[in-house]
Amino acid sequence: MELFYFVVFGALGAVVAALELSKTSKDRINTSPAFNSFKNNYLLVYSLMMAGDWLQGPYVYYLYSTYGFGKGEIGQLFIAGFGSSMLFGTIVGSLADKQGRRRACVTYCITYILSCITKHSPEYKVLMIGRVLGGIATSLLFSAFESWLVAEHNKRGFEQQWLSLTFSKAIFLGNGLIAILSGLFGNLLVDSLSLGPVAPFDAAACFLAIGMAIILSSWTENYGDASENKDLLTQFRGAAVAITSDEKIALLGAIQSLFEGSMYTFVFLWTPALSPNDEEIPHGFIFATFMLASMLGSSLASRLMARSSPRVESYMQIVFVISSVSLVLPIITNVVSSFLVSVRLRLVWGYSGHPS
């Protein structure tokens with residue numbers, strides 16, 4: 001089985017590497033030394049922040065199960081984290097604009113470190129607090145850092161087209177390379193070094209602390225435009241008007257919600273699905289392989305979008321069909337496997353007589 005993992009991982013890695021190396025020099029943009037320094041500082045911090053997040057993902061369910069919690073209790077913990085992210089995600093953006101984005105980034109580090117610390121306790125209430133803190137941190141991660149980057153980029157007077165360069169590198173590193181390395185590093189800590197399922201959370205806290213130190217020492221504060229700040233009710237009212245006035249916005253929101261719902265379900269179920277009888281599986285390595293496949297999808301999508309007249313809806317239909325089939329495939333294989341087992345048992349009973 002380990003050989004199978006290595007073969008799949010190596011094949012995906014070779015394809016992704018070939019796609020990335022095939023990018024020509026015409027895609028590169030001439031920039032200034034000041035911008036390069038600013039960009040590299042942000043990418044370093046963002047990579048550390050994402051490492052702190054990705055290290056935890058493969059081992060959350062596994063850690064809870066080692067504490068003796070069943071699927072129902074673990075499901076409640078997951079729902080608390082998702083609900084916390086949903087609730088606070090609606091307000092953290094405006095709070096960061098008012099209180100300061102740098103301060104919001106530091107708050108993310110502190111909140112997530114506290115969430116990691118709670119993983120050392122087998123007490124359900126403590127773990128529940130950790131999940132709520134983790135949900136708050138996730139909301140901050142995907143709002144405060146990017147808003148700080150945009151405001152700071154403009155404040156320093158850099159070319160507007162350079163901003164896309166920083167974002168593309170951040171996606172490649174944060175959602176690609178760092179995620180893969182985090183999975184491999186977590187697998188090293190838990191399986192190779194036998195440090196236990198809480199080790200990735202301790203490593204995540206260390207990365208977050210290093211990133212926070214860099215933020216405190218090198219980042220300046222910036223705020224949102226006070227004239228554009230609106231109360232939460234006004235923001236919701238504006239969103240409702242936009243949805244009801246444009247059918248495309250409503251449909252896009254529905255598609256995004258359904259996709260995110262399937263992903264949240266996958267995040268919860270992939271660990272028990274792969275080890276229904278508590279089999280030992282390399283969680284980190286499987287996660288790294290999954291993220292490598294995700295990185296492959298991003299590389300292919302960027303090439304499709306680079307065409308002169310890309311038809312997003314045409315290939316997205318194919319993407320959704322393939323995704324749906326992939327999620328249903330384990331169910332089909334399980335049903336077929338159960339059917340074959342029952343047929344085999346009936347054949348055995350037919351030859352040896354029905355057991356009394």
Side-chain angles (χ1 to χ4, degrees), residues 5 9 13 43-67 74 77-78 81-82 84-85 105-121 127 129-142 144-145 170-215 263-264 266-268 270-271 274-275 280-295:
Y5 290 139
F9 187 84
L43 292 176
L44 173 61
V45 171
Y46 189 72
S47 297
L48 290 169
M49 300 300 102
M50 292 304 295
D53 183 53
W54 289 124
L55 271 167
Q56 303 178 52
Y59 295 98
V60 177
Y61 190 104
Y62 178 54
L63 176 67
Y64 293 156
S65 65
T66 60
Y67 287 149
I74 297 176
L77 290 169
F78 270 80
F82 296 152
S84 173
S85 181
C105 294
V106 172
T107 302
Y108 160 78
C109 297
I110 296 173
T111 306
Y112 228 172
I113 289 173
L114 292 175
S115 176
C116 291
I117 292 174
T118 63
K119 299 300 188 291
H120 283 272
S121 173
L127 294 173
I129 294 173
R131 286 298 297 175
V132 173
L133 291 173
I136 297 173
T138 302
S139 300
L140 288 166
L141 174 61
F142 295 108
F145 288 89
I171 293 173
F172 172 77
L173 291 172
N175 294 327
L177 186 60
I178 296 301
I180 296 168
L181 294 177
S182 296
L184 296 176
F185 185 53
N187 202 83
L188 172 68
L189 295 174
V190 176
D191 295 331
S192 300
L193 300 180
S194 301
L195 297 179
V198 78
F201 298 91
D202 293 336
C206 293
F207 284 124
L208 292 168
I210 295 172
M212 183 172 63
I214 298 174
I215 292 173
M263 286 305 300
Y264 282 133
F266 173 80
V267 166
F268 171 65
W270 77 270
T271 299
L274 290 177
S275 56
E280 291 293 331
I281 59 174
H283 296 83
F285 195 82
I286 294 173
F287 174 79
T289 306
F290 172 77
M291 293 309 301
L292 186 58
S294 177
M295 192 174 178

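Positions are given from 1, in the same order as the sequence printed here. Computed from a predicted structure; not experimentally measured. Both backbone and side-chain heavy atoms feed into the values below; hydrogens, waters and symmetry mates do not.
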Side-chain touch [X]/[Y], heavy atoms, less than 4.5 angstrom:
X      : Y      : answer
Leu48  : Met212 : no
Leu140 : Tyr112 : no
Gln56  : Cys116 : yes
Val190 : Pro200 : yes
Ile180 : Phe9   : yes
Phe207 : Ile178 : no

Interatomic distance, [X] atom [atom1] to [Y] atom [atom2] [nearest 0.5 angstrom]:
X      : Y      : atom1 : atom2 : answer
Ile129 : Ile117 : CD1   : CD1   : 12.5 Å
Leu184 : Leu189 : CG    : CG    : 11.0 Å
Ile136 : Ser84  : CD1   : OG    : 4.5 Å
Trp270 : Met263 : CH2   : CE    : 11.5 Å
Asn187 : Ser182 : CG    : OG    : 12.0 Å
Ile74  : Leu127 : CD1   : CG    : 10.0 Å

Check: residues 282-292 side-chain donor-acceptor pairs under 3.5 Å, at least two apart:
unit_1: His283; atom_1: ND1; unit_2: Ile281; atom_2: O; d: 3.0
unit_1: Thr289; atom_1: OG1; unit_2: Phe285; atom_2: O; d: 2.9

Considering all heavy atoms, the nearest [X]-[Y] contact:
X      : Y      : value
Pro197 : Thr66  : CG-OG1, 4.0 Å
Ala199 : Leu195 : CB-CB, 3.7 Å
Met49  : Gly211 : CE-CA, 3.4 Å
Arg131 : Val60  : NH1-CG1, 3.8 Å
Thr271 : Tyr62  : CG2-N, 4.5 Å
Ile215 : Cys105 : CD1-CB, 4.0 Å

Checklist entry - Is there a side chain to side chain contact (heavy atoms under 4.5 Å, CB included) between Met50 and Leu173 once you walk through the steps? => result CA-CA 9 Å; Met50 292 304 295; Leu173 291 172; over 6 Å; no
Donor-acceptor contact below 3.5 Å, side chain [X] vs main chain [Y]:
X      : Y      : result
Thr118 : Ser115 : yes
Ser139 : Ser85  : yes
Tyr108 : Phe142 : no

Next on the checklist: Below 30° counts as parallel, above 60° as perpendicular, anything between as tilted: where do the rings of Tyr264 and Phe82 land?
Outcome noted: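 Taking Phe82 first and then Tyr264, their aromatic rings sit tilted (interplane angle of 30° to 60°).
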Checklist entry - What orientation do Tyr46 and Phe145 show, parallel under 30°, tilted 30 to 60°, or perpendicular over 60°? => result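 Rings of Tyr46 and Phe145: perpendicular, over 60°.
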Next on the checklist: Go through it in stages, so that I can follow the logic: the residues are Leu181 and Trp54, the test is side chain to side chain contact (heavy atoms under 4.5 Å, CB included), and I'd like the CA-CA distance, side-chain angles, deciding distance and then a yes or no.
Outcome noted: CA-CA 9 Å; Leu181 294 177; Trp54 289 124; over 6 Å; no
